[in-house]
Amino acid sequence: MVHAFARHPLLISNLPGFPHDLYQVRVVPEKSEPEERFVRISREETVDLCIVFHHERKPPPDTVFQIPDTLTESDLTTRLRQELTTTAAGAAEAIVWQDRGDEVVVHLSTLQIRLEAPTVFASIELESDQTGRHALIVRFVFGDPQDPAGLFATSDDVVRGNSMLAARWGPIFRDLLWSALTRLSSSHAAERGLAPLGFSVNRAGLALAASQSVPLPLRVKQLLNPAAPPAGATP
């Protein structure tokens, strides 16, 4: 193992080439987050290693965020109810959705959110002259904290509830909810100077994760060359 403090190109000589040629490089900058890579160097070969450093942006310890890392059922219900309406509608208990000449009354006060890991259930009552008043139910299934699916979720093709309301307004309800969830994730990350990373559901509520923004070319390189040694390797 070699430790060095350098502000200029650094030459490390006499690296052992046997029985392996895999080395771990860890760089700790003064004003950025540490980064490490595993690099394979063969004998009589020069290898270029490019590391992109991210500035460490930690909020002050007394910072109070508008959107916490974990949203309870009650908090999430309130926030989604606000997202489904408009500023002009204010705290209205019901609004009217219009789409391609059709209308439906949306009873915002009936919106309910239930969290059962790894799933978010959402229910709301809609009403039309043709169908009367019925509830629609959608669900989003997320990855767990150990195997997160990122900003993705699976959902049913057909929304549950009255067949006529579900066929006409179910996809709209589902899309609006998903847009509201992703906006919450983006706002949560923006408060922290980060990029949205993913969702997960735990006993406390819906957890929002954020991380440093990684350019796509670097993300692809990390996927193709993960920063972890092969099984059995001992650099």
Side-chain angles (χ1 to χ4, degrees), residues 66-145 147-190 195-210:
Q66 296 297 315
I67 303 176
D69 291 333
T70 302
L71 298 170
T72 64
E73 284 186 352
S74 177
D75 190 12
L76 184 58
T77 299
T78 300
R79 292 176 184 274
L80 291 180
R81 188 176 293 151
Q82 294 170 347
E83 290 285 344
L84 291 178
T85 184
T86 62
T87 304
E93 292 194 359
I95 60 174
V96 176
W97 285 350
Q98 296 179 330
D99 182 60
R100 293 177 291 177
D102 294 333
E103 294 183 344
V104 69
V105 177
V106 182
H107 296 275
L108 290 174
S109 60
T110 66
L111 178 67
Q112 298 183 61
I113 302 297
R114 292 292 179 266
L115 304 176
E116 293 289 343
T119 306
V120 174
F121 294 90
S123 170
I124 199 168
E125 292 183 6
L126 305 185
E127 183 177 2
S128 70
D129 293 336
Q130 297 79 15
T131 63
R133 180 168 170 171
H134 299 278
L136 296 184
I137 302 174
V138 300
R139 64 174 179 171
F140 299 106
V141 182
F142 299 98
D144 59 40
D147 184 23
L151 294 171
F152 297 92
T154 58
S155 185
D156 299 312
D157 289 335
V158 179
V159 174
R160 301 180 184 184
N162 176 270
S163 58
M164 291 182 62
L165 286 174
R168 180 65 182 85
W169 300 100
I172 294 176
F173 177 44
R174 180 179 56 211
D175 292 347
L176 288 174
L177 277 177
W178 180 248
S179 295
L181 286 169
T182 55
R183 285 196 299 271
L184 279 175
S185 177
S186 296
S187 298
H188 164 269
L197 179 63
F199 304 97
S200 63
V201 180
N202 54 44
R203 293 183 178 180
L206 178 67
L208 305 176

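Predicted model only: the values in this text are computed from it and were never measured.
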Asks: As an exercise, state the distance from CD1 of Ile124 to CG of Leu165, rounded to the nearest 0.5 Å.
Replies: 12.0 Å

Asks: Taking atom CG of Asp99 as the centre, report whether more than 12 heavy atoms of other residues, nucleotides or ligands fall under 6.0 Å from it.
Replies: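 Yes.
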
Asks: Side chains of Arg79 and Leu71: closer than 4.5 Å at any heavy-atom pair?
Replies: yes

Asks: On a heavy-atom basis, which atom in Ala210 and which in Ala189 lie closest, and how many Å separate them?
Replies: CB-CB, 3.8 Å

Asks: My understanding is that only residues two or more places apart in sequence, or in another chain, count here; which of them pass side-chain contact (heavy atoms from CB on, under 4.5 Å) with Pro118?
Replies: Val141

Asks: Go through the steps for Leu177 and Leu80 under the test side chain to side chain contact (heavy atoms under 4.5 Å, CB included), then give the verdict.
Replies: CA-CA 7 Å; Leu177 277 177; Leu80 291 180; 4.1 Å; yes

Asks: Do Thr72 and Thr77 have side chains that approach each other closer than 4.5 Å (heavy atoms only, starting at C-beta)?
Replies: no

Asks: Measuring from atom CZ of Arg139 to atom CZ of Arg174, what distance do you get when rounded to the nearest 0.5 angstrom?
Replies: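 Result: 12.0 Å between the selected atoms.
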
Asks: Please list, chain by chain and in numerical order, all residues satisfying side-chain contact (heavy atoms from CB on, under 4.5 Å) with Thr70, sequence neighbours excluded.
Replies: Asn202, Ala204, Ala207

Asks: For residues 154-188, which residue pairs pass the ring-ring contact (aromatic ring centres under 6.0 Å, His included) check, not counting sequence neighbours?
Replies: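 Of all non-adjacent pairs touching residues 154-188, those that pass ring-ring contact (aromatic ring centres under 6.0 Å, His included) are Phe140-Trp178, Trp178-Phe199.
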
Asks: Taking Asn162 for the side chain and Met164 for the main chain, is one N or O donor matched with an acceptor at less than 3.5 Å?
Replies: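 Side chain of Asn162 to backbone of Met164: a pair is present.
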
Asks: If we only count heavy atoms from C-beta on, is the Val104 to Val96 side-chain gap below 4.5 Å?
Replies: no

Asks: With sequence neighbours left out, what residues match Ile137 under side-chain contact (heavy atoms from CB on, under 4.5 Å)?
Replies: Ser123, Arg160

Asks: Take Glu125 and Gln112, measure what side chain to side chain contact (heavy atoms under 4.5 Å, CB included) needs, and give me the verdict at the end.
Replies: CA-CA 10 Å; Glu125 292 183 6; Gln112 298 183 61; over 6 Å; no

Asks: Any chance you could lay out the side chain to side chain contact (heavy atoms under 4.5 Å, CB included) test for Leu184 and Leu76, step after step, and finish with the verdict?
Replies: CA-CA 10 Å; Leu184 279 175; Leu76 184 58; 3.9 Å; yes

Asks: Does any non-hydrogen side-chain atom of Gln130 lie less than 4.5 Å from one of Arg168?
Replies: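 With C-beta onward as the side chain, the pair stays apart.
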
Asks: Tell me the ring-ring contact (aromatic ring centres under 6.0 Å, His included) pairs involving residues 95-125, sequence neighbours left out?
Replies: none

Asks: Counting distance only, does the side-chain N/O of Arg81 pair as donor-acceptor with the main-chain N or O of Leu111 below 3.5 Å?
Replies: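 Here the side-chain-to-backbone pair exists.
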
Asks: Is the shortest heavy-atom distance from the side chain of Leu208 to the side chain of Asp69 under 4.5 Å?
Replies: no

Asks: Which salt bridge (Lys or Arg N to Asp or Glu O under 4.0 Å) pairs, counting each pair once, include a residue from residues 103-122, with sequence neighbours left out?
Replies: Glu73-Arg114

Asks: So among Val105, Val106, Thr110, which one has a side chain to side chain contact (heavy atoms under 4.5 Å, CB included) with Leu108?
Replies: Val106

Asks: Measure the CG-CG distance between Asp75 and Leu206 for me, rounded to the nearest 0.5 Å.
Replies: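 These two atoms lie 10.0 Å from each other.
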
Asks: Scan side-chain atoms only and decide if Ser185 and Thr182 contain a donor-acceptor pair under the 3.5 Å cut-off.
Replies: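 Thr182 and Ser185 do not have a side-chain donor-acceptor pair below 3.5 Å.
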
Asks: Would the distance check show the side chain of Thr78 and the main-chain N or O of Ser74 forming a donor-acceptor pair, the cut-off being under 3.5 Å?
Replies: yes

Asks: Taking it one step at a time, do Val120 and Val138 satisfy side chain to side chain contact (heavy atoms under 4.5 Å, CB included)?
Replies: CA-CA 8 Å; Val120 174; Val138 300; over 6 Å; no

Asks: Show the nearest heavy-atom pair for residues Pro171 and Val159, with the distance to one decimal.
Replies: N-CG2, 4.2 Å

